[in-house]
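Structure first, commentary second.
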There are 2 protein chains.
Amino acid sequence: MINGPKRTIISRRARPAKEPLSHEQIVQTAYRLLEDEGLPGMTMRKIAKALDTGPSSLYVYVKNAQELNAYVMDYALGQLQLPQEHDGPWKTRLFGALEAYFELLQHRPGLAELAVTTIPAGVNALSLTEYLLSALHEAGIVSRSAAWGADLFMFYVSSFLYEKTSEARGTMPMPLIQETYRSADPARFPHIARLQQEIFSGNIEARERFRWGLEVILQGLLQAKQDNA
Amino acid sequence: MINGPKRTIISRRARPAKEPLSHEQIVQTAYRLLEDEGLPGMTMRKIAKALDTGPSSLYVYVKNAQELNAYVMDYALGQLQLPQEHDGPWKTRLFGALEAYFELLQHRPGLAELAVTTIPAGVNALSLTEYLLSALHEAGIVSRSAAWGADLFMFYVSSFLYEKTSEARGTMPMPLIQETYRSADPARFPHIARLQQEIFSGNIEARERFRWGLEVILQGLLQAKQDNA
DNA sequence: TATCATAACGAACGACGTTCGTAAAGAACA
DNA sequence: TGTTCTTTACGAACGTCGTTCGTTATGATA
(Lines give C-alpha, C1' and ligand atoms only; values in the text may rest on other atoms or scores of the structure.)
Protein backbone atom coordinates (compact mmCIF):
# COMPACT_ATOMS: atom_id res chain seq x y z
CA MET A 1 0.00 0.00 0.00
CA ILE A 2 0.97 3.61 -0.16
CA ASN A 3 3.36 4.53 2.58
CA GLY A 4 4.45 7.76 4.07
CA PRO A 5 8.07 8.86 3.80
CA LYS A 6 9.75 6.15 5.78
CA ARG A 7 7.06 4.47 7.88
CA THR A 8 8.23 6.13 11.06
CA ILE A 9 6.67 4.12 13.80
CA ILE A 10 4.53 6.36 15.89
CA SER A 11 4.46 5.07 19.40
CA ARG A 12 0.98 4.64 20.70
CA ARG A 13 2.29 5.15 24.17
CA ALA A 14 1.92 8.53 25.68
CA ARG A 15 5.45 8.60 26.99
CA PRO A 16 8.52 7.36 25.15
CA ALA A 17 10.11 5.32 27.89
CA LYS A 18 9.98 4.77 31.59
CA GLU A 19 12.16 3.48 34.30
CA PRO A 20 10.81 0.03 34.99
CA LEU A 21 8.53 -0.83 37.84
CA SER A 22 9.35 -3.29 40.55
CA HIS A 23 7.61 -5.32 43.17
CA GLU A 24 9.10 -3.31 45.99
CA GLN A 25 8.29 0.01 44.36
CA ILE A 26 4.65 -1.00 44.03
CA VAL A 27 4.37 -2.12 47.63
CA GLN A 28 6.02 1.04 48.91
CA THR A 29 3.78 3.26 46.82
CA ALA A 30 0.73 1.38 48.01
CA TYR A 31 1.81 1.79 51.60
CA ARG A 32 2.40 5.48 51.18
CA LEU A 33 -1.07 5.90 49.72
CA LEU A 34 -2.46 3.92 52.63
CA GLU A 35 -0.72 6.26 55.06
CA ASP A 36 -1.91 9.38 53.28
CA GLU A 37 -5.46 8.53 52.32
CA GLY A 38 -6.36 5.38 54.18
CA LEU A 39 -7.63 2.19 52.67
CA PRO A 40 -9.88 3.86 50.07
CA GLY A 41 -6.76 5.53 48.71
CA MET A 42 -5.01 2.25 48.11
CA THR A 43 -6.65 0.90 44.97
CA MET A 44 -4.95 -0.65 41.99
CA ARG A 45 -5.91 2.32 39.87
CA LYS A 46 -4.64 4.90 42.29
CA ILE A 47 -1.40 3.03 42.88
CA ALA A 48 -0.90 2.87 39.14
CA LYS A 49 -1.63 6.55 38.77
CA ALA A 50 0.84 7.37 41.52
CA LEU A 51 3.42 5.40 39.55
CA ASP A 52 2.37 7.21 36.40
CA THR A 53 1.20 4.12 34.62
CA GLY A 54 -1.96 2.11 34.01
CA PRO A 55 -3.54 -0.40 36.36
CA SER A 56 -2.77 -3.36 34.17
CA SER A 57 0.94 -2.75 34.53
CA LEU A 58 0.81 -3.80 38.16
CA TYR A 59 -0.32 -7.29 37.32
CA VAL A 60 3.13 -8.20 36.10
CA TYR A 61 4.45 -8.03 39.64
CA VAL A 62 1.38 -8.87 41.69
CA LYS A 63 -1.22 -11.56 41.15
CA ASN A 64 -4.17 -9.51 42.35
CA ALA A 65 -5.23 -6.85 44.79
CA GLN A 66 -5.71 -9.28 47.64
CA GLU A 67 -2.16 -10.50 47.34
CA LEU A 68 -0.86 -6.95 47.23
CA ASN A 69 -2.72 -6.28 50.46
CA ALA A 70 -0.81 -9.08 52.11
CA TYR A 71 2.49 -7.66 50.91
CA VAL A 72 1.59 -4.17 52.09
CA MET A 73 0.57 -5.55 55.45
CA ASP A 74 3.87 -7.28 55.84
CA TYR A 75 5.72 -4.17 54.71
CA ALA A 76 3.88 -2.24 57.40
CA LEU A 77 4.97 -4.78 60.00
CA GLY A 78 8.51 -4.05 58.88
CA GLN A 79 8.12 -0.58 60.35
CA LEU A 80 7.68 -2.09 63.80
CA GLN A 81 10.29 -1.14 66.38
CA LEU A 82 10.37 -4.15 68.66
CA PRO A 83 12.04 -3.76 72.07
CA GLN A 84 15.55 -5.12 72.22
CA GLU A 85 15.67 -8.81 72.97
CA HIS A 86 16.86 -9.55 76.48
CA ASP A 87 15.81 -6.06 77.39
CA GLY A 88 13.90 -6.20 80.62
CA PRO A 89 11.68 -9.02 81.81
CA TRP A 90 9.57 -11.06 79.40
CA LYS A 91 6.32 -9.30 80.24
CA THR A 92 7.78 -5.94 79.40
CA ARG A 93 8.96 -7.25 76.08
CA LEU A 94 5.69 -9.04 75.35
CA PHE A 95 3.50 -6.06 76.08
CA GLY A 96 6.01 -3.70 74.53
CA ALA A 97 5.83 -5.51 71.23
CA LEU A 98 2.05 -5.65 71.29
CA GLU A 99 1.81 -1.98 72.15
CA ALA A 100 4.18 -1.12 69.34
CA TYR A 101 1.84 -3.03 67.05
CA PHE A 102 -1.04 -1.15 68.63
CA GLU A 103 0.50 2.21 67.85
CA LEU A 104 1.40 1.24 64.35
CA LEU A 105 -2.20 0.34 63.58
CA GLN A 106 -3.49 3.37 65.41
CA HIS A 107 -1.51 5.95 63.52
CA ARG A 108 -1.94 4.58 60.03
CA PRO A 109 -5.51 5.09 58.89
CA GLY A 110 -6.90 1.98 57.31
CA LEU A 111 -4.08 -0.24 58.44
CA ALA A 112 -6.23 -1.77 61.16
CA GLU A 113 -8.82 -2.72 58.60
CA LEU A 114 -6.12 -4.23 56.46
CA ALA A 115 -4.80 -6.18 59.43
CA VAL A 116 -8.21 -7.63 60.14
CA THR A 117 -8.98 -8.72 56.61
CA THR A 118 -5.64 -10.07 55.44
CA ILE A 119 -3.19 -12.58 56.79
CA PRO A 120 0.26 -11.12 56.22
CA ALA A 121 2.63 -13.58 54.68
CA GLY A 122 6.17 -12.35 54.87
CA VAL A 123 9.32 -12.19 56.87
CA ASN A 124 8.14 -9.31 59.04
CA ALA A 125 5.08 -11.22 60.17
CA LEU A 126 7.39 -14.07 61.03
CA SER A 127 9.60 -11.72 63.05
CA LEU A 128 6.70 -10.47 65.13
CA THR A 129 5.44 -14.00 65.75
CA GLU A 130 8.89 -15.18 66.66
CA TYR A 131 9.31 -12.30 69.07
CA LEU A 132 6.05 -13.07 70.82
CA LEU A 133 6.83 -16.77 71.00
CA SER A 134 10.17 -15.98 72.52
CA ALA A 135 8.66 -13.88 75.28
CA LEU A 136 5.96 -16.45 75.95
CA HIS A 137 8.57 -19.15 76.11
CA GLU A 138 10.40 -17.25 78.79
CA ALA A 139 7.13 -16.97 80.67
CA GLY A 140 6.88 -20.71 80.70
CA ILE A 141 4.09 -20.76 78.13
CA VAL A 142 5.14 -23.25 75.53
CA SER A 143 3.92 -25.53 72.80
CA ARG A 144 0.26 -25.31 71.92
CA SER A 145 -0.54 -22.54 74.37
CA ALA A 146 2.29 -20.44 73.01
CA ALA A 147 1.41 -20.94 69.36
CA TRP A 148 -2.29 -20.29 69.82
CA GLY A 149 -1.63 -17.59 72.37
CA ALA A 150 0.53 -15.54 70.03
CA ASP A 151 -2.22 -15.75 67.46
CA LEU A 152 -4.78 -14.72 70.03
CA PHE A 153 -2.76 -11.69 71.02
CA MET A 154 -2.39 -10.51 67.45
CA PHE A 155 -6.06 -11.04 66.78
CA TYR A 156 -6.86 -9.00 69.80
CA VAL A 157 -4.74 -6.07 68.75
CA SER A 158 -6.15 -5.81 65.24
CA SER A 159 -9.74 -6.41 66.28
CA PHE A 160 -9.48 -3.85 69.02
CA LEU A 161 -8.17 -1.18 66.72
CA TYR A 162 -10.47 -2.05 63.90
CA GLU A 163 -13.42 -1.34 66.12
CA LYS A 164 -11.79 1.70 67.61
CA THR A 165 -11.13 3.24 64.21
CA SER A 166 -14.48 2.25 62.73
CA GLU A 167 -15.94 5.52 63.85
CA ALA A 168 -13.17 7.54 62.28
CA ARG A 169 -13.67 5.62 59.07
CA GLY A 170 -17.33 6.62 59.12
CA THR A 171 -18.21 2.96 58.83
CA MET A 172 -20.62 2.99 61.69
CA PRO A 173 -22.24 6.02 63.23
CA MET A 174 -21.06 5.50 66.78
CA PRO A 175 -23.68 7.78 68.34
CA LEU A 176 -26.38 5.64 66.75
CA ILE A 177 -25.00 2.48 68.32
CA GLN A 178 -24.63 4.22 71.63
CA GLU A 179 -28.22 5.34 71.33
CA THR A 180 -29.33 1.76 70.75
CA TYR A 181 -27.79 0.73 74.04
CA ARG A 182 -28.94 3.81 75.86
CA SER A 183 -32.52 3.32 74.87
CA ALA A 184 -32.50 -0.37 75.75
CA ASP A 185 -35.50 -1.32 77.81
CA PRO A 186 -34.22 -1.74 81.40
CA ALA A 187 -36.85 -4.42 82.01
CA ARG A 188 -35.70 -6.65 79.18
CA PHE A 189 -32.01 -5.78 79.41
CA PRO A 190 -31.26 -5.06 83.05
CA HIS A 191 -27.53 -5.80 82.89
CA ILE A 192 -27.03 -3.62 79.85
CA ALA A 193 -28.93 -0.81 81.47
CA ARG A 194 -26.80 -1.07 84.58
CA LEU A 195 -23.50 -1.26 82.72
CA GLN A 196 -24.06 1.63 80.32
CA GLN A 197 -21.01 3.54 81.40
CA GLU A 198 -18.73 0.54 81.44
CA ILE A 199 -19.82 -0.62 77.99
CA PHE A 200 -18.89 2.68 76.46
CA SER A 201 -16.00 2.92 78.88
CA GLY A 202 -16.82 6.31 80.29
CA ASN A 203 -13.82 8.57 80.09
CA ILE A 204 -11.38 5.70 80.06
CA GLU A 205 -8.53 6.00 77.66
CA ALA A 206 -8.56 3.40 74.90
CA ARG A 207 -5.04 2.53 75.90
CA GLU A 208 -6.17 1.46 79.34
CA ARG A 209 -8.87 -0.79 77.96
CA PHE A 210 -6.41 -2.27 75.51
CA ARG A 211 -3.96 -2.97 78.27
CA TRP A 212 -6.71 -4.60 80.30
CA GLY A 213 -7.33 -7.05 77.49
CA LEU A 214 -3.66 -7.93 77.31
CA GLU A 215 -3.66 -8.72 81.00
CA VAL A 216 -6.76 -10.86 80.70
CA ILE A 217 -5.38 -12.94 77.87
CA LEU A 218 -1.99 -13.29 79.55
CA GLN A 219 -3.50 -14.37 82.85
CA GLY A 220 -5.65 -16.85 81.00
CA LEU A 221 -2.62 -18.28 79.25
CA LEU A 222 -0.69 -18.59 82.49
CA GLN A 223 -3.67 -20.30 84.06
CA ALA A 224 -4.10 -22.71 81.17
CA LYS A 225 -0.43 -23.61 81.48
CA GLN A 226 -1.06 -24.93 84.95
CA ASP A 227 -4.22 -26.82 84.07
CA ASN A 228 -3.08 -29.02 81.24
CA ALA A 229 0.11 -29.60 79.34
CA MET B 1 -49.41 21.47 20.24
CA ILE B 2 -50.81 18.70 18.18
CA ASN B 3 -51.90 15.79 20.27
CA GLY B 4 -52.64 12.21 19.58
CA PRO B 5 -56.14 10.89 20.07
CA LYS B 6 -56.44 11.44 23.78
CA ARG B 7 -52.94 11.73 25.15
CA THR B 8 -53.02 8.34 26.77
CA ILE B 9 -50.18 8.33 29.20
CA ILE B 10 -47.89 5.51 28.42
CA SER B 11 -46.25 4.37 31.58
CA ARG B 12 -42.50 4.23 31.27
CA ARG B 13 -42.46 1.62 33.93
CA ALA B 14 -42.13 -1.93 32.83
CA ARG B 15 -44.75 -3.24 35.19
CA PRO B 16 -48.05 -1.59 36.02
CA ALA B 17 -48.03 -1.94 39.77
CA LYS B 18 -46.30 -3.80 42.54
CA GLU B 19 -46.92 -4.75 46.06
CA PRO B 20 -44.85 -2.31 48.03
CA LEU B 21 -41.48 -3.05 49.53
CA SER B 22 -40.72 -2.92 53.21
CA HIS B 23 -37.73 -2.66 55.44
CA GLU B 24 -38.20 -6.16 56.77
CA GLN B 25 -38.67 -7.65 53.34
CA ILE B 26 -35.41 -6.14 52.17
CA VAL B 27 -33.47 -7.39 55.18
CA GLN B 28 -34.90 -10.88 54.84
CA THR B 29 -34.12 -11.04 51.15
CA ALA B 30 -30.59 -9.84 51.79
CA TYR B 31 -30.11 -12.47 54.45
CA ARG B 32 -31.42 -15.20 52.18
CA LEU B 33 -28.98 -14.15 49.49
CA LEU B 34 -26.20 -14.15 52.06
CA GLU B 35 -27.08 -17.69 53.03
CA ASP B 36 -27.26 -18.90 49.46
CA GLU B 37 -24.35 -17.13 47.82
CA GLY B 38 -22.27 -15.65 50.59
CA LEU B 39 -21.27 -12.05 50.93
CA PRO B 40 -20.63 -11.45 47.22
CA GLY B 41 -24.25 -12.43 46.60
CA MET B 42 -25.55 -9.74 48.91
CA THR B 43 -25.19 -6.56 46.89
CA MET B 44 -27.72 -3.79 46.54
CA ARG B 45 -28.23 -4.69 42.91
CA LYS B 46 -28.76 -8.37 43.54
CA ILE B 47 -31.10 -7.72 46.43
CA ALA B 48 -33.10 -5.40 44.21
CA LYS B 49 -33.18 -7.95 41.43
CA ALA B 50 -34.37 -10.63 43.85
CA LEU B 51 -37.19 -8.26 44.78
CA ASP B 52 -37.88 -7.61 41.11
CA THR B 53 -37.06 -3.95 41.27
CA GLY B 54 -34.17 -1.56 40.74
CA PRO B 55 -31.39 -0.77 43.17
CA SER B 56 -32.54 2.79 43.78
CA SER B 57 -35.81 1.54 45.23
CA LEU B 58 -34.00 0.18 48.26
CA TYR B 59 -32.78 3.59 49.32
CA VAL B 60 -36.22 4.54 50.51
CA TYR B 61 -35.94 2.06 53.36
CA VAL B 62 -32.21 1.93 53.93
CA LYS B 63 -29.70 4.73 54.10
CA ASN B 64 -26.87 2.86 52.43
CA ALA B 65 -25.32 -0.57 52.04
CA GLN B 66 -23.32 -0.33 55.24
CA GLU B 67 -26.44 0.30 57.27
CA LEU B 68 -28.20 -2.59 55.60
CA ASN B 69 -25.28 -4.80 56.61
CA ALA B 70 -25.86 -3.88 60.22
CA TYR B 71 -29.54 -4.76 59.93
CA VAL B 72 -28.77 -8.07 58.26
CA MET B 73 -26.24 -8.88 60.95
CA ASP B 74 -28.78 -8.21 63.66
CA TYR B 75 -31.38 -10.26 61.80
CA ALA B 76 -28.90 -13.13 61.68
CA LEU B 77 -28.39 -12.85 65.43
CA GLY B 78 -32.13 -13.28 65.73
CA GLN B 79 -31.69 -16.82 64.48
CA LEU B 80 -29.63 -17.66 67.55
CA GLN B 81 -31.04 -20.31 69.83
CA LEU B 82 -29.67 -19.36 73.22
CA PRO B 83 -29.79 -21.95 76.00
CA GLN B 84 -32.68 -21.49 78.40
CA GLU B 85 -31.91 -19.06 81.19
CA HIS B 86 -31.40 -20.76 84.55
CA ASP B 87 -30.62 -23.91 82.60
CA GLY B 88 -27.51 -25.42 84.05
CA PRO B 89 -24.58 -23.61 85.62
CA TRP B 90 -23.41 -20.27 84.32
CA LYS B 91 -20.42 -21.67 82.51
CA THR B 92 -22.60 -24.02 80.51
CA ARG B 93 -24.84 -21.16 79.52
CA LEU B 94 -21.95 -18.84 78.74
CA PHE B 95 -20.13 -21.29 76.53
CA GLY B 96 -23.40 -22.58 75.11
CA ALA B 97 -24.32 -19.15 73.88
CA LEU B 98 -20.90 -18.53 72.41
CA GLU B 99 -20.89 -21.89 70.69
CA ALA B 100 -24.32 -21.22 69.26
CA TYR B 101 -22.89 -18.00 67.86
CA PHE B 102 -19.94 -20.00 66.60
CA GLU B 103 -22.16 -22.40 64.70
CA LEU B 104 -24.29 -19.64 63.27
CA LEU B 105 -21.26 -17.97 61.77
CA GLN B 106 -19.79 -21.24 60.66
CA HIS B 107 -22.75 -22.42 58.66
CA ARG B 108 -23.62 -19.19 56.91
CA PRO B 109 -20.99 -18.39 54.35
CA GLY B 110 -19.94 -14.79 54.56
CA LEU B 111 -21.65 -14.14 57.83
CA ALA B 112 -18.34 -14.25 59.70
CA GLU B 113 -16.95 -11.57 57.43
CA LEU B 114 -20.03 -9.51 58.01
CA ALA B 115 -19.67 -9.96 61.77
CA VAL B 116 -16.10 -8.74 61.70
CA THR B 117 -16.74 -5.65 59.62
CA THR B 118 -20.02 -4.39 61.04
CA ILE B 119 -21.25 -3.59 64.50
CA PRO B 120 -24.78 -4.90 64.69
CA ALA B 121 -27.18 -2.37 66.14
CA GLY B 122 -30.45 -3.99 67.01
CA VAL B 123 -32.47 -5.78 69.59
CA ASN B 124 -30.93 -9.18 68.83
CA ALA B 125 -27.43 -7.91 69.46
CA LEU B 126 -28.70 -6.53 72.73
CA SER B 127 -30.18 -9.91 73.61
CA LEU B 128 -26.91 -11.72 73.08
CA THR B 129 -24.99 -9.13 75.07
CA GLU B 130 -27.51 -9.26 77.87
CA TYR B 131 -27.31 -13.03 77.94
CA LEU B 132 -23.53 -13.00 78.23
CA LEU B 133 -23.61 -10.31 80.90
CA SER B 134 -26.10 -12.35 82.86
CA ALA B 135 -23.91 -15.44 82.84
CA LEU B 136 -20.80 -13.42 83.70
CA HIS B 137 -22.69 -11.77 86.52
CA GLU B 138 -23.50 -15.14 87.98
CA ALA B 139 -19.81 -16.00 87.71
CA GLY B 140 -19.01 -13.05 89.90
CA ILE B 141 -17.58 -11.07 87.01
CA VAL B 142 -19.23 -7.71 87.16
CA SER B 143 -18.95 -4.12 86.18
CA ARG B 144 -16.07 -3.19 83.92
CA SER B 145 -14.75 -6.71 83.56
CA ALA B 146 -18.17 -7.98 82.57
CA ALA B 147 -18.83 -5.27 80.01
CA TRP B 148 -15.44 -5.50 78.39
CA GLY B 149 -15.35 -9.26 78.77
CA ALA B 150 -18.58 -9.78 76.87
CA ASP B 151 -17.17 -7.66 74.08
CA LEU B 152 -13.95 -9.62 74.13
CA PHE B 153 -15.80 -12.91 73.82
CA MET B 154 -17.81 -11.74 70.85
CA PHE B 155 -14.72 -10.39 69.17
CA TYR B 156 -13.04 -13.68 69.66
CA VAL B 157 -15.84 -15.65 68.07
CA SER B 158 -16.09 -13.55 64.95
CA SER B 159 -12.35 -13.16 64.51
CA PHE B 160 -11.82 -16.85 64.93
CA LEU B 161 -14.37 -17.77 62.32
CA TYR B 162 -13.35 -15.06 59.96
CA GLU B 163 -9.89 -16.49 59.81
CA LYS B 164 -11.16 -20.03 59.67
CA THR B 165 -13.42 -19.29 56.71
CA SER B 166 -10.90 -17.11 54.91
CA GLU B 167 -9.58 -20.12 53.09
CA ALA B 168 -13.02 -21.19 51.96
CA ARG B 169 -13.64 -17.66 50.71
CA GLY B 170 -10.49 -17.90 48.66
CA THR B 171 -9.29 -14.73 50.29
CA MET B 172 -5.92 -16.14 51.19
CA PRO B 173 -4.24 -19.16 49.73
CA MET B 174 -3.73 -21.09 52.94
CA PRO B 175 -1.08 -23.40 51.52
CA LEU B 176 1.00 -20.35 50.61
CA ILE B 177 0.88 -19.04 54.16
CA GLN B 178 1.68 -22.45 55.50
CA GLU B 179 4.59 -22.59 53.11
CA THR B 180 5.88 -19.26 54.43
CA TYR B 181 6.03 -20.67 57.92
CA ARG B 182 7.36 -24.03 56.84
CA SER B 183 10.23 -22.48 54.94
CA ALA B 184 11.12 -20.13 57.79
CA ASP B 185 14.81 -20.17 58.50
CA PRO B 186 15.25 -22.18 61.74
CA ALA B 187 18.25 -20.06 62.65
CA ARG B 188 16.37 -16.79 62.55
CA PHE B 189 13.05 -18.16 63.75
CA PRO B 190 13.79 -21.02 66.10
CA HIS B 191 10.49 -20.92 68.00
CA ILE B 192 8.45 -20.88 64.84
CA ALA B 193 10.42 -23.77 63.44
CA ARG B 194 9.85 -25.76 66.60
CA LEU B 195 6.13 -24.98 66.85
CA GLN B 196 5.20 -25.74 63.23
CA GLN B 197 2.63 -28.35 64.11
CA GLU B 198 1.05 -26.35 66.88
CA ILE B 199 0.74 -23.22 64.78
CA PHE B 200 -1.21 -25.04 62.15
CA SER B 201 -2.81 -27.11 64.85
CA GLY B 202 -2.03 -30.49 63.38
CA ASN B 203 -5.14 -32.59 63.20
CA ILE B 204 -6.90 -30.70 65.94
CA GLU B 205 -10.51 -29.93 65.35
CA ALA B 206 -11.24 -26.22 64.99
CA ARG B 207 -13.85 -26.65 67.67
CA GLU B 208 -11.26 -27.72 70.18
CA ARG B 209 -9.06 -24.72 69.45
CA PHE B 210 -12.07 -22.44 69.70
CA ARG B 211 -13.01 -23.92 73.02
CA TRP B 212 -9.44 -23.46 74.25
CA GLY B 213 -9.69 -19.75 73.54
CA LEU B 214 -12.93 -19.49 75.47
CA GLU B 215 -11.26 -21.09 78.46
CA VAL B 216 -8.28 -18.77 78.25
CA ILE B 217 -10.40 -15.65 78.16
CA LEU B 218 -12.66 -16.87 80.91
CA GLN B 219 -9.77 -17.79 83.19
CA GLY B 220 -8.26 -14.42 82.51
CA LEU B 221 -11.48 -12.69 83.46
CA LEU B 222 -11.81 -14.68 86.66
CA GLN B 223 -8.23 -13.84 87.52
CA ALA B 224 -8.68 -10.14 86.80
CA LYS B 225 -11.70 -10.18 89.07
CA GLN B 226 -9.49 -11.13 91.98
CA ASP B 227 -6.76 -8.66 91.17
CA ASN B 228 -8.63 -5.38 91.05
CA ALA B 229 -12.22 -4.23 91.51
C1' DT C 1 -62.10 16.55 43.38
C1' DA C 2 -57.60 18.78 44.04
C1' DT C 3 -53.31 18.70 46.63
C1' DC C 4 -49.29 16.82 48.22
C1' DA C 5 -45.97 13.86 50.54
C1' DT C 6 -44.21 9.40 49.75
C1' DA C 7 -42.73 5.43 47.07
C1' DA C 8 -41.01 3.38 42.84
C1' DC C 9 -37.92 3.36 39.18
C1' DG C 10 -35.12 4.05 34.78
C1' DA C 11 -30.97 6.03 33.66
C1' DA C 12 -26.79 7.51 34.54
C1' DC C 13 -22.21 8.64 37.07
C1' DG C 14 -17.98 7.52 38.78
C1' DA C 15 -15.46 4.24 40.83
C1' DC C 16 -13.58 -0.56 41.23
C1' DG C 17 -10.65 -5.15 39.84
C1' DT C 18 -9.32 -7.58 36.13
C1' DT C 19 -8.38 -9.28 31.23
C1' DC C 20 -6.82 -8.90 26.52
C1' DG C 21 -4.19 -7.72 22.60
C1' DT C 22 -0.43 -5.35 21.17
C1' DA C 23 3.79 -2.51 21.33
C1' DA C 24 8.28 -1.71 23.22
C1' DA C 25 12.57 -3.29 25.37
C1' DG C 26 16.14 -6.13 26.23
C1' DA C 27 18.53 -10.66 26.31
C1' DA C 28 20.15 -14.61 23.80
C1' DC C 29 21.98 -16.21 19.97
C1' DA C 30 23.53 -16.38 15.08
C1' DT D 1 25.76 -6.82 13.51
C1' DG D 2 21.28 -8.83 12.67
C1' DT D 3 17.50 -11.97 14.30
C1' DT D 4 14.62 -14.29 17.43
C1' DC D 5 12.18 -14.60 21.62
C1' DT D 6 10.82 -13.63 26.32
C1' DT D 7 9.63 -10.19 29.47
C1' DT D 8 7.54 -5.77 30.52
C1' DA D 9 4.36 -1.85 29.60
C1' DC D 10 -0.04 -0.14 28.72
C1' DG D 11 -4.39 1.55 26.33
C1' DA D 12 -8.85 -0.06 25.97
C1' DA D 13 -12.45 -2.43 27.40
C1' DC D 14 -15.72 -5.53 30.30
C1' DG D 15 -18.54 -6.32 33.99
C1' DT D 16 -19.41 -5.11 38.57
C1' DC D 17 -20.37 -2.12 42.36
C1' DG D 18 -22.86 1.86 45.41
C1' DT D 19 -25.24 5.83 44.90
C1' DT D 20 -27.79 10.00 42.98
C1' DC D 21 -31.11 12.39 40.12
C1' DG D 22 -35.33 13.52 37.95
C1' DT D 23 -39.64 11.84 36.94
C1' DT D 24 -43.75 9.18 37.41
C1' DA D 25 -47.20 6.76 39.97
C1' DT D 26 -49.77 6.13 44.36
C1' DG D 27 -52.61 6.85 48.12
C1' DA D 28 -54.02 9.74 51.90
C1' DT D 29 -55.62 14.21 53.16
C1' DA D 30 -57.99 18.54 52.60
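The chains referred to below are lettered A, B, ... by the order of the sequence lines, with proteins before strands, and numbering in each begins at 1. The structure displayed is predicted, hence computed values, not measured ones.
Counting to the nearest Å, the C1' atom of dT8(D) and the CD atom of Q25(A) are 13 Å from each other. With rounding to whole Å, R45(B) atom CZ is found 15 Å from dC9(C) atom P. Taking atom CD1 of I26(B) as the reference point, atom C1' of dA8(C) lies 11 Å away to the nearest angstrom. Here the P atom of nucleotide dA24(C) and the CG atom of L21(A) are 18 Å apart, to the nearest Å. Per the geometry, NZ belonging to K63(B) stands 9 Å off P belonging to dT20(D), to the nearest Å. Between the C1' atom of dA8(C) and the NZ atom of K49(B) lies a distance of 18 Å, rounded to the nearest Å. Note: CE (M44(B)) to P (dC13(C)) measures 20 Å, nearest angstrom. Taking atom OH on Y59(B) and atom C1' on dG22(D), their separation rounds to 17 Å, with Å as the unit.
The residue K46(A) sits close only to the backbone: its heavy atoms come under 4.0 Å of sugar-phosphate atoms, none of a base.
Contact check, T53(B) against dC9(C): a side-chain N or O comes under 4.0 Å of OP1 or OP2. Checking the phosphate oxygens (OP1, OP2) of dA9(D), a side-chain nitrogen or oxygen of Y61(A) falls inside 4.0 Å.
For the pair K46(A) and D36(A), the salt-bridge criterion is not met [side-chain N within less than 4.0 Å of a carboxylate O]. The pair E35(B)-R108(B) meets the salt-bridge criterion, with a side-chain N (NZ, NE, NH1 or NH2) lying under 4.0 Å from an Asp/Glu carboxylate O.
A ring-centre distance under 6.0 Å is not found for F155(A) and F155(B).
The aromatic rings of F102(A) and F160(A) lie tilted to each other, with the angle between the two planes from 30° to 60°.
Nearest-nucleotide assignment on DNA chain C puts the 5′-proximal partner with S56(B), out of S56(B) and T43(A).
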